[in-house]
Asks: 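Please read through the structure below; I'll follow up with questions.
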Amino acid sequence: MDKFIIYGGKPLKGKVAISGAKNAALPMLVASLLTKETITYYGVPNLKDIFTIKTILTKLGVDFSGSDPLIARAQKLRSHCAPYELVRTMRASILVLGPLLARFKKAYVSLPGGCAIGARPVDLHLRGLTQMGAEIRLEKGYIKAETECLKGAEIYLDIPTVTGTENLMMAASLAKGTTVIRNAACEPEVTALARMLKQMGAEIEGEGTDVIYIRGVDALNGTTCTIIPDRIEAGTYMAAAGITGGEIYLQRCPLEFLGAVVDKLREAGLTITSEGDMVKVTAPSVINSTDITTLPYPGFPTDMQAQFMALMCLGNGVSVITERIFENRFMHVLELKRLGADIKIDGASAIVRGVPKLIGAPVMATDLRASASLVLAGLAAEGITEIHRIYHLDRGYVQMEKKLQALGAEIERVAVG
Ligand code: UD1
């Protein structure tokens, strides 16, 4: 298990290129199950989660070659089982359920189980597929699903679940008749998947809104696609510039997907401007304490909450951070407090009183975005911060320490044990 050692206090300066979005690449790779033809992907980020989904897909029957472009082909099914050992390491593995059912009529997928940021059930995925005619049983920790033929259905999602919308959209693309998903997720990653499916011959309308119409077709064809840039990675580097008093340029920054984040970072005092194909981010001399509430897109993303909280630790007043998507997503609070932050949790809100400085200490990463917030805090802290269990970061940030080193940070990866 590796750890990061950060010698804090250096303002970030320079250029950083944003990688392809993990959360767009995952469903788009899974969509390769829907056709026997070849799919060519550009810009797939080199991350642990991508490795995991490729391992599952290979087991199921997808043959991969190359890296950029990455070529995928699922001529026939080798297995219809996504096993517990893999699914438990990444909940997004549930995305294979819809495509397996739609093309091969059966699936045996482990239930994801709990995770560090809350219960995260998959009931809405299962309910939607049942409405489409799947017979689903839960058996020994597995979802056993079968169908003679999926049929179009009117589906209302109680919560606009992101992977749920993606799962149902993929299944509906090969179902008989029209499916309507109401209260669908509007995240740009959902839209990117819809765009790819349309290139494969799917008939989809309304992606990017809360009602998506999918008219099923008999078969889908191959295509070539490019993964959209990662808005959360971009937002994380913006916050890193802000917390270190730096000035950085982001290449391939998807500003169009970062409305709420940019708005709140500006309220916090950061200057964010477009310069040609770059986005320039300049830290303020004083960080304004700013409130945020996480919401489904286009609201403030829960995946940026922890990083924004790190920034608010050095704010000039009190910031109230309210988490509305997941019930247990404040695991970073105790660790930030170890660095000297003043934070109190009150139900779904964290009350952050800005302190003049953070001081380095050993801390433990608990989940992907919590880890990123600790890196940010460590970059700004006086002295040395050691971050343990950074395997969480490797799930979602491409070469984070290398990108930060290129921006002038003193950060190193050390193998432990
Ligand atoms: C996706 C993202 C994740 C992000 C999250 C919210 C991927 C691979 N992951 O996760 O990074 O943090 O969206 O933006 O894209 N829920 C139910 N029943 C369900 C499904 C979800 O109650 O069947 C609840 C969840 O517990 C949660 C809320 O709905 O409270 C939103 O979760 P969801 O959008 O499904 O998150 P993911 O798709 O797992």
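We count ligands from 1, going down the list as the structure has it; atoms in each ligand are counted the same way.
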Asks: Under 4.0 Å from a heavy atom of R329: which atoms of ligand 1 are those, numbered in the order shown and with their elements?
Replies: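 It comes down to these atoms of ligand 1: 12 (O).
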
Asks: Could an N or O of ligand 1 be found under 3.5 Å from any N or O of N23, whether backbone or side chain?
Replies: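 By distance alone, the answer is yes.
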
Asks: What do we get for L124 next to ligand 1 when only non-hydrogen atoms under 4.0 Å count, side chain, backbone, both or neither?
Replies: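 Both backbone and side chain.
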
Asks: State whether the shortest distance between N or O atoms of T161 and N or O atoms of ligand 1 falls below 3.5 angstrom.
Replies: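 Yes.
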
Asks: As an exercise, identify every atom of ligand 1 less than 4.0 angstrom from a heavy atom of T302.
Replies: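 Every atom of ligand 1 under 4.0 Å from some heavy atom of T302: 6 (C), 12 (O), 14 (O).
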
Asks: For residues P160 and D210, determine if any side-chain heavy atom of one lies less than 4.5 Å from a side-chain heavy atom of the other.
Replies: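 P160 does not reach D210 side chain to side chain.
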
Asks: Please determine whether the number of non-hydrogen atoms from other residues, nucleotides or ligands lying under 6.0 Å from atom CG of D342 exceeds 12.
Replies: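 Atom CG in D342 is crowded, with more than 12 foreign heavy atoms closer than 6.0 Å.
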
Asks: Report the residue from T293, T294, N328 that forms a side chain to side chain donor-acceptor pair (under 3.5 Å) with E323.
Replies: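 Checked T293, T294, N328 against E323; only one passes side chain to side chain donor-acceptor pair (under 3.5 Å): T294.
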
Asks: What about L26: any of its N or O atoms under 3.5 Å from an N or O on ligand 1?
Replies: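 Among all N and O atoms of L26, none is under 3.5 Å from an N or O of ligand 1.
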
Asks: Given L368, I325, L126, which one has a non-hydrogen atom that is nearest to atom 31 (C) of ligand 1?
Replies: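 Ranked by closest heavy atom to atom 31 (C) of ligand 1, first place is I325.
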
Asks: Which residue is it: I227, I53, V44? I am looking for the one with a side chain to side chain contact (heavy atoms under 4.5 Å, CB included) to L26.
Replies: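 The single option meeting the side chain to side chain contact (heavy atoms under 4.5 Å, CB included) with L26 is I53.
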
Asks: Can you pull out every ring-ring contact (aromatic ring centres under 6.0 Å, His included) where at least one residue sits in residues 302-323? Sequence neighbours excluded, please.
Replies: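 For residues 302-323, and leaving out neighbouring residues, the ring-ring contact (aromatic ring centres under 6.0 Å, His included) pairs sorted by first residue read F300-F308.
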
Asks: Just to be sure I read this right, does ligand 1 sit under 4.0 Å from the backbone of H125, its side chain, both, or neither, counting only heavy atoms?
Replies: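 Within the 4.0 Å criterion, H125 contacts ligand 1 through backbone and side-chain atoms alike.
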
Asks: Specify side chain, backbone, both or neither for D158, according to which of its non-hydrogen atoms lie closer than 4.0 Å to ligand 1.
Replies: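 Neither part.
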
Asks: Under 4.0 Å from any heavy atom of A92, which atoms of ligand 1 are there?
Replies: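 The atoms of ligand 1 under 4.0 Å from a heavy atom of A92 are 8 (C).
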
Asks: Do the side chain of E187 and the main chain of Y297 share a donor and acceptor less than 3.5 angstrom apart?
Replies: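 Checked: pair present.
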
Asks: For S110 and R88, does a side-chain donor sit closer than 3.5 Å to a side-chain acceptor?
Replies: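 Distance-only check fails for S110 and R88.
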
Asks: Does G164 come within less than 4.0 angstrom of ligand 1, counting non-hydrogen atoms of the residue?
Replies: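 Contact absent.
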
Asks: Extract all donor-acceptor atom pairs below 3.5 Å that involve side chains of residues 166-175 and protein atoms in other chains or at least two apart in sequence.
Replies:
unit_1: N167; atom_1: OD1; unit_2: G98; atom_2: N; d: 2.8
unit_1: N167; atom_1: ND2; unit_2: I94; atom_2: O; d: 2.9
unit_1: N167; atom_1: ND2; unit_2: H125; atom_2: ND1; d: 3.1
unit_1: S173; atom_1: OG; unit_2: M169; atom_2: O; d: 2.9

Asks: Could you tell me whether the side chain of R369 and the main chain of Q307 form a donor-acceptor pair under 3.5 Å?
Replies: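 No.
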
Asks: What are the atoms of ligand 1, with element, lying closer than 4.0 Å to any heavy atom of V162?
Replies: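 Listed by number with element, the hits are 1 (C), 13 (O), 15 (O), 33 (P), 34 (O), 35 (O), 38 (O).
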
Asks: So, Q199 side chain and T224 main chain: donor-acceptor pair closer than 3.5 Å or not?
Replies: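 Judged by distance alone, yes, a pair lies under 3.5 Å.
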
Asks: Look only at interatomic distance and state if E166 has a nitrogen or oxygen under 3.5 Å from any nitrogen or oxygen of ligand 1.
Replies: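 N/O-N/O distance under 3.5 Å: no.
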
Asks: Closest by any non-hydrogen atom to atom 26 (O) of ligand 1: pick that one out of P121, A25, P296, P301.
Replies: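 It is P121 that holds the nearest heavy atom.
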
Asks: Under 4.0 Å from a heavy atom of D303: give me the atoms of ligand 1 that qualify, with their elements.
Replies: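 Close to D303: 3 (C), 4 (C), 11 (O), 12 (O).
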
Asks: Does any N/O atom on D123 come nearer than 3.5 Å to any N/O atom on ligand 1?
Replies: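 Yes: some nitrogen or oxygen of D123 is under 3.5 Å from one in ligand 1.
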
